[in-house]
Amino acid sequence: MNASKSIHNKFGYTNIRQRGFYDHILRNDEDYAMHLKYISENLLKWQLDELYTEF
């Protein structure tokens, strides 16, 4: 069974994929640092999100 079906069966979610996803090529050290900062800060904010739940 694939991950999508497993999640649907366990939690009832019908769409688990992120809309609007796009790839980005890191072009230099500044670009890398900017994206690393974004990821780190978003991770810290996740528990404050209204959709956050602990499994």
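Numbers here are sequence positions counted from 1. Side chains are part of it too, since the values below use all heavy atoms of this structure and drop only hydrogens, waters and symmetry mates. Just so it is clear, the structure is predicted and the values come from calculations on it, not from any experiment.
Applying the salt bridge (charged side-chain N to carboxylate O under 4.0 Å, His left out) criterion to Lys37, with sequence neighbours excluded, gives Glu41.
Residues Leu36 and Leu26 share a single hydrophobic cluster, defined by chaining ILVMFWY side chains whose heavy atoms lie under 4.5 Å apart.
Using a 3.5 Å distance cut-off with no hydrogens or angles, the side chains of Asn28 and Tyr32 do not pair a donor with an acceptor.
In this structure, NE2 in His35 is found 11.5 Å from CD in Glu30, a value given to the nearest 0.5 Å. Note: Phe11 CZ to Thr53 OG1 = 7.5 Å, rounded to the nearest 0.5 Å.
Closest heavy-atom contact between Ile25 and Asp31: O-OD2, 3.5 Å.
The aromatic rings of Trp46 and Tyr52 sit perpendicular to each other, their planes meeting at more than 60°, with 30° as the lower class boundary.
The neighbour count for Asp29 CG, taken as heavy atoms of other residues, nucleotides or ligands under 6.0 Å away, does not exceed 12.
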